[in-house]
Amino acid sequence: MNDLYSYGVDVRTLVDRYRALYSGAIYDVLDGLGLPHQALATDIKPIRQDMIIAGPAFTVKGIPDAAGNVDMRDRRIHLFNDMRASGVPLLDVRDCGFDTQVAHYGEMNATVGAASGVIGAIVDGGCRDTAFLLRRDFPVMARYLTPVEAYRRWSYYEWQRPIALRGALSSVVPVQPGDFLMGDLDGAVVIPKSLVIEVLEKTEKLVATENEAREDFASGQDPVEVYRKYGRL
């Protein structure tokens, strides 16, 4: 396995454990660690409300391409072999260069990507072929939906380099290859690779505490006492 995606725990296990959590709890842990700017822009949402996405980032950077550069268009197919070579389940994470006009992701990307180890996509841009993606239950988060084709308007530029996605509390959130992302209906958060295990364990503990507090609140116990006991509301 590529060292870039080595965390000391099997990646599939990490994906499953992160998918059992929720973005708000992960954000609270990151915030408590002094990292309040890890949430992506509020309009980056799943294409279906119940979709949950988690995994390590395979980063893709795109740029405007009004001329339809043949070299850039032809070389893009190689990124899928690079995905496959990682040997782990991945998220296709796309920095679309602040473009707001075209679809930067669609069903063909998902089909080739899934055959190359991709388990979902987070796109700071547009998505199309959405009905196909929904039918195959392929999780995607994007800013908007559109039928507009990207060819002669936008193109892949490079991949597996640092990228920047729009942020909720900051203009952008940096994403490095190997960082973990988790997203659900509330939005998506970026977990730096060096903190993937620490954030996971702290969030699991937090969620367990919240579950206990929720049960006590629901049972009709004195809310003041329950709050004092768990410190969660």
Side-chain angles (χ1 to χ4, degrees), residues 18 21-31 33-49 51-66 72 76 79 90-106 109-110 113 118-130 133 138-150 153-196 199:
Y18 265 106
L21 304 173
Y22 65 96
S23 61
I26 295 170
Y27 177 82
D28 287 351
V29 169
L30 288 165
D31 195 16
L33 292 172
L35 296 170
H37 300 111
Q38 299 304 110
L40 299 185
T42 56
D43 57 353
I44 299 177
K45 295 290 189 181
I47 59 173
R48 192 179 68 220
Q49 288 190 343
M51 283 183 166
I52 299 173
I53 189 168
F58 184 101
T59 60
V60 177
K61 169 70 176 177
I63 59 173
D65 179 28
M72 285 200 296
R76 64 181 178 164
L79 74 86
L90 298 166
L91 294 185
D92 186 332
V93 182
R94 299 198 172 190
D95 171 353
C96 302
F98 294 91
D99 181 79
T100 59
Q101 296 182 319
V102 309
H104 310 96
Y105 199 84
N109 284 273
V118 176
I119 57 173
I122 295 181
V123 182
D124 187 4
C127 177
R128 75 176 200 168
D129 311 326
T130 310
L133 297 169
F138 189 86
V140 175
M141 298 183 72
R143 295 187 63 230
Y144 58 88
L145 307 179
T146 177
V148 178
E149 162 67 36
R153 300 179 180 94
W154 180 89
S155 184
Y156 303 81
Y157 178 64
E158 60 183 2
W159 50 90
Q160 290 300 74
R161 299 287 188 271
I163 60 173
L165 308 185
R166 296 170 220 231
L169 295 181
S170 56
S171 57
V172 296
V173 180
V175 181
Q176 303 276 349
D179 288 349
F180 242 72
L181 283 83
M182 187 277 171
D184 55 22
L185 178 59
D186 288 334
V189 290
V190 180
I191 304 102
K193 181 184 177 184
S194 62
L195 296 174
V196 167
V199 170

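Source: prediction; values computed, not measured.
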For this session: Please report the C-alpha distance between M51 and I53 in whole Å, then the side-chain angles of each, then the deciding distance to 0.1 Å, and finally whether the side chain to side chain contact (heavy atoms under 4.5 Å, CB included) criterion is met.
Result: CA-CA 7 Å; M51 283 183 166; I53 189 168; over 6 Å; no
Exercise. Mind checking what makes side chain to side chain contact (heavy atoms under 4.5 Å, CB included) contact with R143, not counting sequence neighbours?
Worked result: D43, I44, T100, D124, R166
For this session: Determine whether P36 and Y27 make a side-chain contact, defined as any pair of heavy atoms from C-beta on separated by less than 4.5 Å.
Result: yes
Problem set entry | Close side-chain approach of D92 to W159, heavy-atom, < 4.5 Å | no
Problem set entry | Contacts of type side chain to side chain contact (heavy atoms under 4.5 Å, CB included), residue L185, not counting sequence neighbours | Q49
For this session: With rounding to the nearest 0.5 Å, note down the distance linking CZ in F138 to CG in N109.
Result: 9.0 Å
Problem set entry | Minimum-distance pair of heavy atoms, taken over all atoms of I122 and A188 | CD1-CB, 4.3 Å
Seminar exercise, completed: Smallest heavy-atom separation, A39 atom then V189 atom, equals CA-CG1, 4.1 Å
For this session: Could you grab the distance from atom CZ of R48 to atom OG1 of T130, nearest 0.5 Å is fine?
Result: 12.0 Å
Problem set entry | Minimal non-hydrogen separation, Q176 against P162, with atom names | OE1-CG, 3.3 Å
Exercise. Got a sec, which residues hit side chain to side chain donor-acceptor pair (under 3.5 Å) with R161, two or more places apart in sequence or on another chain?
Worked result: none
Problem set entry | Interatomic spacing from CG in L33 to CG in L195 - rounded to 0.5 Å | 6.5 Å
For this session: Give a yes or no answer on whether the side chain of Y18 reaches the backbone of V196 with a donor-acceptor pair at less than 3.5 Å.
Result: yes
For this session: Locate the shortest heavy-atom distance separating L30 from P192; write the atom from each residue and the value.
Result: CD2-CD, 4.4 Å
Problem set entry | Set of side chain to side chain contact (heavy atoms under 4.5 Å, CB included) partners for P174, sequence neighbours left out | none
For this session: Give a yes or no answer on whether the side chain of Q160 reaches the backbone of V60 with a donor-acceptor pair at less than 3.5 Å.
Result: no
Problem set entry | Over all atoms of both residues, closest heavy-atom pair of L181 and A57 | CD1-CB, 3.7 Å
Problem set entry | Distance, nearest 0.5 Å, that separates CZ of R128 from CD1 of I47 | 14.0 Å
Problem set entry | Partners meeting side chain to side chain contact (heavy atoms under 4.5 Å, CB included) with K193 (sequence neighbours left out) | Y7, D179
For this session: State whether the side chain of Q38 and the backbone N or O of V190 hold a donor-acceptor pair below 3.5 Å, judged by distance alone.
Result: yes
Seminar exercise, completed: Here the pair of heavy atoms bringing D95 nearest to L165 is CA-CD2, 3.7 Å
Problem set entry | Sidechain-backbone polar pair: Y144 side chain, V102 backbone, donor-acceptor under 3.5 Å | yes
Exercise. Are W154 and Y156 close enough that their ring centres sit under 6.0 Å apart?
Worked result: yes
For this session: Could you pull out all residues at least two apart from D99 that satisfy side chain to side chain donor-acceptor pair (under 3.5 Å)?
Result: H104
